[in-house]
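What follows is one structure encoded as structure tokens, with my remarks underneath.
Every chain is numbered from 1 and lettered A, B, ... according to where its sequence line falls, protein lines coming before strand lines.
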Amino acid sequence: MIRLFDTARQEVRELTLRDEGHASIYVCGPTVYDVPHLGHGRFTLVWDVLRRWLHFRGLEVRFVSNITDVDDKIIQRAEREGVPESDVATRFEDVWWTAMTQLGVLRPSVAPRATQWISPMVELIEELLRREVAYALVDGIYFDVSRVPDYGLLALQPLDSLRAGARVDARRDKRSALDFALWKFAKPGEPRWPASFGEGRPGWHTECVVMSLGLLGEGFDLHCGGFDLTFPHHENERAQAEALHKPFARHWAHNGFVMSGGEKMSKSLGNFTSLSDLLDRTDARAYRLLVVRSHYRSPLEVSVETVADAERALGRLDALARRFSLPRLAGESLVDPVSEWSEELATFVTETTALLDDDLNTPAAVAKLFEGVSRANTLADQGDDGAREWALMVNTLFGALGLSLHGDADSLDEDVVELVSQRDAARARRDWVEADRLRKELEGRGWIVEDSSQGTRVRRG
RNA sequence: GGCGGCGUGGCCGAGUGGUUAGGCAGGGGCCUGCAAAGCCCCGUACUUGGGUUCGAAUCCCAACGCCGCCUCCA
């Protein structure tokens, strides 16, 4: 049984699926108007980990995440650069997928672009107009939130308190300050699509409701996104579905934010300016480790220091992989489920699994996995054959979270191979001066030298 | 202004009425020709002030600080 915190109910509860054995998940994706930032990296990793975990637990997961490729910010940037909007959207969508690939985030089952879903959006707005839940103003079509009885469910506070303190929306012609744009009429030069109610483009909230229902069907299981999307974005999606009496998401899950020491992220401070910047300077697996070491709903401190910390921790995991020559995994299980585990190992698996099943408690699970690392090493030091089972299990469970351990040897060019064999020869004849000289030589070329029972081993520093 | 969340050892970060989180960094030891990797030991933490309790980092109240949302930001 998988349990998750449901934002709508403000409690951890069992993830009850519409169709047994199948999980349908929608994650609000990026608006492609700029390079992705660290927060994008976190949310994609968090929901990727959830997706992988559900899969690992035997569920078939349909995972939809959109690309918003029509938006005011895209228009603004295109104007500034004097290029077509599609140019901006395509460019930053490419950057997005490159970053996702680097992060090892699985491609969504479907990644719809908003611009490919315009006609169903128009149809939805027409239906809302027909039911008089929507109304036209001079600049667009608006949704009348008063028509949804439980509007504000995800606001998590009384609506009048929202209105009282809401930042001023200069316009007074909306029926309620909370009413939102379903459609924006095109101004000269702006991208436009035809519609019975006037040429223009869809509002953000309409995209996601149409694409999620369109690709996952009514009453899909889980809708995810950053905490900032809870209100109004997710609430407004829900409102549109409610207005049409279409069952919407059964569960809502939201991830916490990335912090950076209260400091503004800037290159002059040495901090990461973007996700792409971080990935250029770091092993992407370190970011995944950093992310799973905190709870998905907690704020996460991301800085050069914490990423470096995660890189060193990753080094410990890779060392385990080297010691046991573990294969690289990405979610598949390498452990034979029918093999005889020791009682201790079986308990370890049960406990780790239980932690992940309980609101995706990755930090506690990772702590346990590190204990597993120590256990494997200790047993190996003692020459116990059980050590390998432990190492394999640790590898499998990290793999289930999308973190693959790298123990395979780096490829060596000929002169390195030569230096290594010379050093082995020197050590064999106990010529420590020569052996040390050769180690220095190798280190000078950027290799870390480790002696083992199989002789000198080198890896990239 | 309203609402919500958070404040844990040098750093990151779980936990949660009495029992070891974990990682990184630091110190000591073992192993090693010396290293690296690994193993063992160590700091004895919980914003502040009250309160409840046999007992609170964990519950309650208040203060301070930080973060988020309040119309398009993950």
- Task: Report the residue from A/L289, A/L360, A/V49 that forms a side-chain contact (heavy atoms from CB on, under 4.5 Å) with A/L401.
- Result: A/V49
- Taking only side-chain nitrogens and oxygens of A/K368, does any of them come within less than 4.0 Å of OP1 or OP2 of B/G22? no
- Query: Within the pair A/H40 and B/A74, is there a side-chain N or O less than 4.0 Å away from OP1 or OP2?
  - Reply: yes
- Message: Between A/H234 and A/H205, is there a side-chain donor-acceptor contact under 3.5 Å, judged purely by atom types and distance?
- Response: no
- Message: Quick check on the 6.0 Å ring-centre criterion: do A/F248 and A/H223 meet it?
- Response: yes
- A/R459 CZ to B/A37 C1', straight-line distance once rounded to whole Å: 7 Å
- Which is true for A/E311 with a 4.0 Å heavy-atom rule: it touches a base, it touches only sugar-phosphate, or it touches nothing? nothing
- Task: Measure the distance from NZ on A/K174 to C1' on B/C72 and round it to the nearest whole Å.
- Result: 11 Å
- Query: Please give, in whole Å, the distance from B/C12 C1' to A/E301 CD?
  - Reply: 8 Å
- Query: Given B/C12, is OP1 or OP2 found less than 4.0 Å from the side-chain N or O atoms of A/S303?
  - Reply: no
- Intra- and interstrand pairs of RNA chain B - dot-bracket, Watson-Crick/G-U under 3.5 Å, | marks other strand: (((((((..(((.....[...))).(((((.......)))))....(((((..]....))))))))))))....
- Indicate whether OP1 or OP2 belonging to B/C39 is found under 4.0 Å from a side-chain N or O atom of A/R316. yes
- Looking only at side-chain atoms of A/F231, point me to the closest of B/A21, B/G23, B/C70. B/C70
- Would you say B/A74 has OP1 or OP2 under 4.0 Å from some side-chain N or O of A/N255? no
- Message: Does B/A14 have its OP1 or OP2 closer than 4.0 Å to a side-chain nitrogen or oxygen of A/S298?
- Response: yes
- Item | Spacing of A/L438 atom CG relative to B/G33 atom C1', expressed in whole Å | 15 Å
- Task: Report yes or no: is the ring centroid of A/W432 under 5.5 Å from the six-membered base ring centroid of B/G33, with the two planes under 30 degrees?
- Result: yes
- Item | Same-atom distance (C1') from B/C24 to B/G18, integer angstrom | 30 Å
